[in-house]
Amino acid sequence: IERSRVHTGLLWSLAAALALWALLKHTTTGFEIRAVGANARGAAFAGMPVGWVQVKVALLSGALAGLAGAIEVAGRAGYVTLDMSPGYGYSGIVIAMLAQLNPIAVVAAAIFVAGILVGADSMSRAIAVPTYIADVIVAASLIAMLVATMLARYRIRWG
């Protein structure tokens, strides 16, 4: 898109999220991945090859990370620079936790975090607010989501 940093990587990421969701939801490999992720000892007891599933997940995640890096290099600048990845890996961990490891929800969580980061950058230029405010907002939203998940899962009784 002209005069913005949005490129075809957005379409690639949407396609990857949809493909990963379909893999996890509708295939036996996806069932094995979910089972091993939920309880590796239980999956091994059920006869699933836990080690091989872990290798497949590592290969898949490495392929997705490599695809993301290639898209970022090809789409944004066309060449590698020193400031190419200002902590995208750590942002990815936070986004995955906000999405509760759901590939479709990752899209919404990524848009949320990107909006905060871009907004903090704009505020920094406009009114000299430190850009670290974005890290505080993202961390507070992550903590709030984790506490809400804990309270929904475990009912606390008083008295």
Side-chain angles (χ1 to χ4, degrees), residues 1-40 43 53-81 83-126 129-154:
I1 297 175
E2 291 294 321
R3 291 178 287 178
S4 76
R5 291 172 35 178
V6 179
H7 50 79
T8 57
L10 178 64
L11 299 176
W12 280 99
S13 63
L14 292 174
L18 190 61
L20 189 58
W21 173 80
L23 173 86
L24 291 174
K25 189 77 172 166
H26 298 291
T27 65
T28 54
T29 301
F31 177 75
E32 288 177 341
I33 290 170
R34 288 184 286 127
V36 170
N39 187 348
V53 170
Q54 289 173 339
V55 168
K56 285 194 283 190
V57 169
L59 291 172
L60 179 62
S61 63
L64 288 172
L67 177 65
I71 289 170
E72 182 67 17
V73 169
R76 199 173 85 163
Y79 54 90
V80 178
T81 62
D83 64 343
M84 183 62 68
S85 174
Y88 290 152
Y90 294 112
S91 295
I93 293 170
V94 171
I95 290 167
M97 292 303 297
L98 283 173
Q100 295 184 345
L101 305 177
N102 182 334
I104 299 298
V106 162
V107 174
I111 291 170
F112 170 73
V113 171
I116 290 173
L117 295 176
V118 170
D121 193 38
S122 297
M123 285 191 317
S124 174
R125 285 192 305 263
V129 173
T131 57
Y132 297 114
I133 192 74
D135 296 333
V136 173
I137 294 170
V138 169
S141 63
L142 177 63
I143 290 171
M145 191 277 309
L146 291 174
V147 168
T149 301
M150 181 194 69
L151 292 176
R153 185 170 294 164
Y154 304 106

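Quantities reported herein were computed from a predicted structural model and do not represent experimental measurements.
Residues satisfying the side chain to side chain contact (heavy atoms under 4.5 Å, CB included) criterion with A99, sequence neighbours excluded, are A105, V106, A109. Every residue two or more places apart in sequence or in another chain was checked for a side chain to side chain contact (heavy atoms under 4.5 Å, CB included) with S61, and none qualifies.
Atom CD1 in I93 sits 10.5 Å away from atom CG in L142 (nearest 0.5 Å). A distance of 12.5 Å separates CD1 in I95 from CG in L101, rounded to the nearest 0.5 Å. Rounded to the nearest 0.5 angstrom, S91 OG and D135 CG are separated by 8.0 Å. Taking CG from L59 and CD from Q54, the interatomic distance works out to 12.0 Å, rounded to the nearest 0.5 Å.
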Extract all donor-acceptor atom pairs below 3.5 Å that involve side chains of residues 116-125 and protein atoms in other chains or at least two apart in sequence.
| from | atom 1 | to | atom 2 | distance (Å) |
| --- | --- | --- | --- | --- |
| D121 | OD2 | R125 | NH1 | 2.8 |
| S122 | OG | V118 | O | 3.1 |
| S124 | OG | V129 | O | 3.4 |

Enumerate donor-acceptor pairs with a distance under 3.5 Å from any side-chain N or O in residues 27-40 to protein atoms, sequence neighbours excluded.
| from | atom 1 | to | atom 2 | distance (Å) |
| --- | --- | --- | --- | --- |
| T27 | OG1 | L23 | O | 2.5 |
| T27 | OG1 | G30 | N | 3.0 |
| R34 | NE | L24 | O | 2.8 |
| R34 | NH2 | L24 | O | 3.2 |
| N39 | OD1 | R41 | N | 3.3 |
| N39 | OD1 | G42 | N | 3.1 |

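Sequence neighbours left out, not one pair with a member in residues 101-116 passes salt bridge (Lys or Arg N to Asp or Glu O under 4.0 Å). Counting only residues at least two apart or in different chains, salt bridge (Lys or Arg N to Asp or Glu O under 4.0 Å) contacts with residues 86-103 are absent.
In this structure, V138 and F112 have side chains that are not in contact, with every pair of non-hydrogen atoms separated by 4.5 Å or more. Within the 4.5 Å cutoff, the side chain of L64 has heavy atoms near those of the L20 side chain. In this structure, the side chains of R153 and T149 come closer than 4.5 Å at one or more pairs of heavy atoms.
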